[in-house]
Participant: 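Once you've had a glance at the structure underneath, I'll fire off some questions.
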Amino acid sequence: MHKTIAFIGAGNMASAIFGGMIDGGYPADAIIATSPDDTMLAPLRERYGIRTQTDNATAVSDADVVVLAVKPQIMRQVCEPLRDAVQDRKPLIVSVAAGLEAATLEGWLGGELAVIRCMPNTPSLVGAGASGLYANPRVNAEQRDLAAELLSAVGLVEWVDDEPLLNAVTAVSGSGPAYFFLFFEAMEEAGVNLGLPRETARRLALQTGFGAASMALKSEHDPAQLKRNVMSPQGATERAIQHFEDAELRQIVEGAMQACAARAQEMA
Ligand code: NAD
């Protein structure tokens, strides 16, 4: 029997996850999604064949897993009215909300619950996400497997053992897409300055990023070796890499990611 999963909040992240699960064969009738606004839910019923609810507590009363997928700012007002339903049934709680600690969510939901916090990223919306997951001590092995199945529907899943490490996950993969977008912007601009049409420079830069990541994921070599493989002595790539090293790109990346993790910690 498949576990019943209730998504509280049926926005971008929730629909990416349940859409991916259904594509992967999870039965649509084991999924319930909620929103206060039925006009948002009707297209989801139509497209995915899932069950929907405008009342969160009713959805929770039938669920083995509750995925909290509303914006962090409204999480408290969404959680507190669910206390009775959650404490009755003690479902696994999975939160995809940035910055809210497991203990805070547990408190808002009345205490003593198995809670998994997940830090996904925006490429999850196209099935190429990377998520860091933390399970509090009340989560059992079966629940961990289920959460990994859920999040692997939108990409890679990595577990961390300590909750504060989710700040490091934020610095690597949570915010990471923006670093690459910045790099793509800069490559596009430099390509234009070298004489390429903008669209050509953009497509070449994006495909190169995609190709490099695909190759590195499949390769038995680490990125340092793959980089050396592209560089021939005295060649053009070597000249470019030397320029990055002289400009201390590594220290810039270190500083940016330390700043990101520190800010994520402040916001938790
Ligand atoms: P979204 O605005 O697309 O979805 C939020 C949904 O919550 C909306 O569909 C809205 O109808 C619904 N909602 C509002 N009030 C509600 C209520 N009282 N009860 C039930 N549902 C209610 O937002 P999103 O981008 O899907 O983000 C959802 C969560 O995912 C956030 O906590 C965010 O931090 C996290 N997240 C998103 C991304 C991303 O790439 N979009 C990445 C990392 C984390």
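Quick caveat, the model's predicted, so the values are computed rather than measured. Read the numbers this way: they start at 1 and go in the same order the structure lists the ligands and their atoms.
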Participant: Which protein heavy atom lies closest to atom 4 (O) of ligand 1, and at what distance to 0.1 Å?
Facilitator: Gly11 CA, 3.2 Å

Participant: Looking at atom 19 (N) of ligand 1, what's its closest protein heavy atom, distance included?
Facilitator: Asn56 ND2, 3.0 Å

Participant: Can a salt bridge be assigned to the pair Lys3 and Glu149 using a cut-off of 4.0 Å between side-chain N and carboxylate O?
Facilitator: no

Participant: State the atoms of ligand 1, each with its element, that fall below the 4.0 Å cut-off from a heavy-atom position in Ala98.
Facilitator: 34 (O)

Participant: Could you tell me the residue and atom name of the protein heavy atom closest to atom 3 (O) of ligand 1, and the distance to it rounded to 0.1 Å?
Facilitator: Asn12 N, 2.9 Å

Participant: Checking Val172 against Met257 for the side chain to side chain contact (heavy atoms under 4.5 Å, CB included) test, could you report, in this order, the C-alpha distance in whole Å, the side-chain angles of both residues, the deciding distance, and whether it holds?
Facilitator: CA-CA 7 Å; Val172 179; Met257 288 176 58; 3.5 Å; yes

Participant: I need the Ile5 CD1 to Leu146 CG distance, nearest 0.5 Å.
Facilitator: 5.5 Å

Participant: In ligand 1, which numbered atoms sit nearer than 4.0 Å to a non-hydrogen atom of Ile74?
Facilitator: 14 (C), 15 (N), 16 (C)

Participant: Taking both backbone and side-chain atoms of Ile8, is any N or O found less than 3.5 Å from an N or O belonging to ligand 1?
Facilitator: no

Participant: Considering only heavy atoms, which of Pro177, Pro36, Ser15 lies nearest to atom 17 (C) of ligand 1?
Facilitator: Pro36

Participant: Under 3.5 Å between any N/O of Ala69 and any N/O of ligand 1: does that happen in this structure?
Facilitator: no

Participant: Nearest protein heavy-atom contact for atom 25 (O) of ligand 1: which residue, which atom, what distance?
Facilitator: Lys71 NZ, 3.6 Å

Participant: Within a distance under 4.0 Å of any heavy atom of Thr122, pick out the atoms of ligand 1 and give their elements.
Facilitator: 40 (O)

Participant: Please determine if Arg250 and Glu254 form a salt bridge, counting it only when a charged side-chain N lies under 4.0 Å from a carboxylate O.
Facilitator: no

Participant: Should we say atom CG of Asp84 is surrounded by more than 12 heavy atoms from elsewhere, each under 6.0 Å from it?
Facilitator: no

Participant: Using a strict 4.0 Å cut-off to heavy atoms of Val78, name the atoms of ligand 1 that fall inside it.
Facilitator: 17 (C), 18 (N)

Participant: Against heavy atoms of Ser35, which atoms of ligand 1 measure under 4.0 Å?
Facilitator: 11 (O), 21 (N)

Participant: Near Glu158 CD, under 6.0 Å, is it more than 12 heavy atoms from other residues, nucleotides or ligands?
Facilitator: no

Participant: Before accepting this row, confirm whether a basic side-chain N of the pair Glu101/Arg117 lies closer than 4.0 Å to the acidic partner's carboxylate O.
Facilitator: no

Participant: Quick test: of every protein heavy atom, which one is nearest to atom 29 (C) of ligand 1, and how far off is it to 0.1 Å?
Facilitator: Val70 O, 3.7 Å

Participant: Please list, in number order, the atoms of ligand 1 under 4.0 Å from a heavy atom of Ala10.
Facilitator: 6 (C), 9 (O)

Participant: Could you tell me whether Gln234 atom CD has more than 12 heavy atoms of other residues or ligands within 6.0 Å of it?
Facilitator: no

Participant: As an exercise, identify every atom of ligand 1 less than 4.0 angstrom from a heavy atom of Pro72.
Facilitator: 31 (C), 32 (O), 34 (O)

Participant: Between the side chains of Gln225 and Arg228, is a donor N or O closer than 3.5 angstrom to an acceptor N or O?
Facilitator: yes

Participant: Which atoms of ligand 1 are found less than 4.0 Å from any heavy atom of Met40?
Facilitator: 9 (O), 11 (O)

Participant: Could you tell me whether ligand 1 has any atom less than 4.0 Å away from a heavy atom of Asp37?
Facilitator: no

Participant: Please tell me whether Asn56 and Thr34 have a donor and an acceptor in their side chains that are separated by less than 3.5 angstrom.
Facilitator: yes

Participant: When you measure from atom 42 (C) of ligand 1 to every protein heavy atom, which one gives the shortest distance, and what is it?
Facilitator: Met13 CE, 3.4 Å

Participant: Could you check whether Asp37 and Ser35, counting side-chain N and O atoms only, form a donor-acceptor pair closer than 3.5 Å?
Facilitator: no

Participant: Identify the closest protein heavy atom to atom 36 (N) of ligand 1: which residue and atom is it, and at what distance?
Facilitator: Val96 O, 3.7 Å

Participant: So does Met215 get a backbone contact from the side chain of Ser219, meaning a donor-acceptor N/O pair under 3.5 Å?
Facilitator: no

Participant: May I ask you to identify the nearest protein heavy atom to atom 7 (O) of ligand 1, giving residue, atom name and distance to one decimal place in Å?
Facilitator: Gly9 CA, 3.5 Å

